[in-house]
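Take a look at the structure set out below.
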Protein chains: 2
Amino acid sequence: MLSQTCIYGIQTCIFLALPEQVEKRVRVSTIAEELHISPTFLSKIVNQLVQVGILKSVRGVSGGTWLAKPAQEIKAVDIVLAIDGNRIFNECLLGLPGCNDRNPCPFHQQWSNVRLQLLAMFQSSTLDTLAAKVNDLDLRIRQHKNNDH
Amino acid sequence: MLSQTCIYGIQTCIFLALPEQVEKRVRVSTIAEELHISPTFLSKIVNQLVQVGILKSVRGVSGGTWLAKPAQEIKAVDIVLAIDGNRIFNECLLGLPGCNDRNPCPFHQQWSNVRLQLLAMFQSSTLDTLAAKVNDLDLRIRQHKNNDH
DNA sequence: CGAAATAAAGATAAAAGACTCTTAAAACTA
DNA sequence: TAGTTTTAAGAGTCTTTTATCTTTATTTCG
Ligand code: FES
Ligand code: FES
């Protein structure tokens with residue numbers, strides 16, 4: 001569904017939108033440790049998100065990364081598009097080229113509906129909403145809940 | 001979304017449910033040629049579907065493969081489950097283990113809905129319905145329409 | 001039974017995705 | 001400016017998926 005890279009990107013952005021982190025510079029190594037991701041791998045993902053204007057980062061002592069915009073202005077769909085592209089939103093279920101209403105496969109009509117709902121889900125999910133769920137409702141964004149605070 | 005193997009499996013089953021093929025033994029090499037799939041690769045996929053009782057096959061002269069049951073009794077979901085398993089129907093969007101209502105991630109509620117719609121799509125798609133769409137409405141199951149009949 | 005056709009199986013190869021290791025570049029500190 | 005910290009970048013490894021090549025087993029037919 002989503003690539004692992006994209007999942008890490010979403011988790012990272014939600015993490016940076018949590019009240020503890022927001023408005024701070026957070027080291028990639030810190031995020032990596034919290035979310036159980038390889039630091040150097042995460043570094044590349046963060047960099048991708050910096051390139052498209054979702055995150056900012058600075059190197060060096062007291063460097064780190066943070067949200068480039070207020071959390072309510074960043075949607076999950078932005079991250080998905082930045083990392084996985086729009087394939088999942090307009091690709092044929094059977095992988096046939098040129099998926100559209102004029103040239104449908106047998107699944108096209110129903111699959112189009114599912115895709116629209118999927119798109120709506122990612123479009124309606126802003127980072128502040130997601131972070132609020134994690135923070136207020138204690139929902140998880142990683143395997144084991146973080147109990148060390 | 002679906003693995004390439006699963007896509008080939010679905011295409012093959014729809015092809016075998018078309019009026020021209022139904023009730024006949026069709027050679028794997030014929031299907032492979034029609035659907036632009038590597039014959040030996042398709043042979044393994046057909047064999048998987050034989051194992052779970054969706055297709056039957058015999059070797060030798062005038063051998064081939066065919067639907068093990070009437071087309072209206074085979075659903076797309078059967079093929080998906082046989083090849084890709086039930087991961088796409090019960091896996092967390094963020095890949096977290098143990099996706100369920102008691103232990104949700106921030107996407108769980110919405111993602112559960114999308115997954116249910118996806119499941120409904122595959123459950124309501126029987127091979128006779130899919131084949132009828134291809135046959136009657138001239139919908140496609142492969143890249144270029146088959147014009148040689 | 002022998003020959004030909006065809007699916008099944010095993011081993012190998014190619015491609016993509018996920019992840020690691022190493023080095024370089026930048027920013028701060030003193 | 002020198003030293004330290006931290007992100008950026010490049011090359012390389014590992015694993016899974018996809019696909020191919022070769023051999024084997026089975027079936028039909030003459
Ligand atoms: S053509 Fe297949 S889903 Fe649109
Ligand atoms: S826990 Fe993430 S989708 Fe269910």
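Below, chains carry the letters A, B, ... as their sequence lines are ordered, and counting in each starts from 1.
For DNA chain D, the span of nucleotides reached by chain A at under 4.0 Å from its heavy atoms goes, 5' to 3', from D:dT4 to D:dG10.
The shortest distance between the side-chain N/O atoms of A:R59 and the OP1/OP2 oxygens of C:dA25 is not below 4.0 Å. Between A:Y8 and C:dC19 there is a side-chain polar atom (N or O) within less than 4.0 angstrom of OP1 or OP2.
Across all strands, B:T5 comes closer than 4.0 Å only to sugar-phosphate atoms, never to a base (heavy-atom distances). Within 4.0 Å (heavy atoms only), B:T40 reaches at least one base atom of the nucleic acid.
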Exercise. Run the numbers on B:T40 and B:S43 for side-chain hydrogen bond (donor to acceptor under 3.5 Å, both in side chains), then give the verdict.
Key: CA-CA 5 Å; B:T40 49; B:S43 165; over 6 Å; no
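Atom CG of A:N100 sits about 6.5 Å away from atom NE2 of A:H108, to the nearest 0.5 Å. Rounding to the nearest 0.5 Å gives a distance of 9.0 Å between NZ of A:K133 and SG of B:C105. Between atom CE of residue B:M1 and atom CD1 of residue B:I88 there is a gap of 4.0 Å, rounded to the nearest 0.5 Å. In this structure, CD1 in B:I45 is found 11.5 Å from CD1 in B:I79, a value given to the nearest 0.5 Å. Taken from CD in A:Q21 to CD1 in A:I14, the straight-line distance is 12.5 Å, to the nearest 0.5 Å. In this structure, A:E34 CD and A:I141 CD1 are separated by 9.0 Å, a value rounded to the nearest 0.5 Å.
Near DNA chain C, defined here as any heavy-atom distance below 4.0 Å, the residues from residues 41-50 of chain A are A:F41, A:K44, listed numerically.
Put simply, CH2 on A:W66 is 10 Å from P on C:dA27, counting in whole angstrom units. The distance from atom CG of B:L55 to atom C1' of C:dA8 is 14 Å, rounded to the nearest whole Å. When the C1' atom of C:dC19 is taken as reference, atom CD1 of A:I7 falls 15 Å away, rounded to whole Å. At whole-Å resolution of the value, CD1 in A:I83 and P in C:dG17 are 14 Å apart.
Between B:F15 and B:L127, the closest side-chain pair of non-hydrogen atoms is not below 4.5 Å.
In this structure, A:Q123 and A:K75 approach most closely via the heavy-atom pair O-CD, 3.0 Å. Across every non-hydrogen atom of B:D78 and B:E73, the tightest pair is OD2-O, 4.2 Å.
End-to-end axis angle of the helix from C:dC1-D:dG30 to C:dA30-D:dT1, using five pairs per end and rounding to 10°, comes to 0°.
Nearest-nucleotide assignment on DNA chain C puts the 5′-proximal partner with B:V26, out of A:S3 and B:V26.
Not a single donor-acceptor pair under 3.5 Å links the side chain of B:N135 to the backbone N or O of B:P19.
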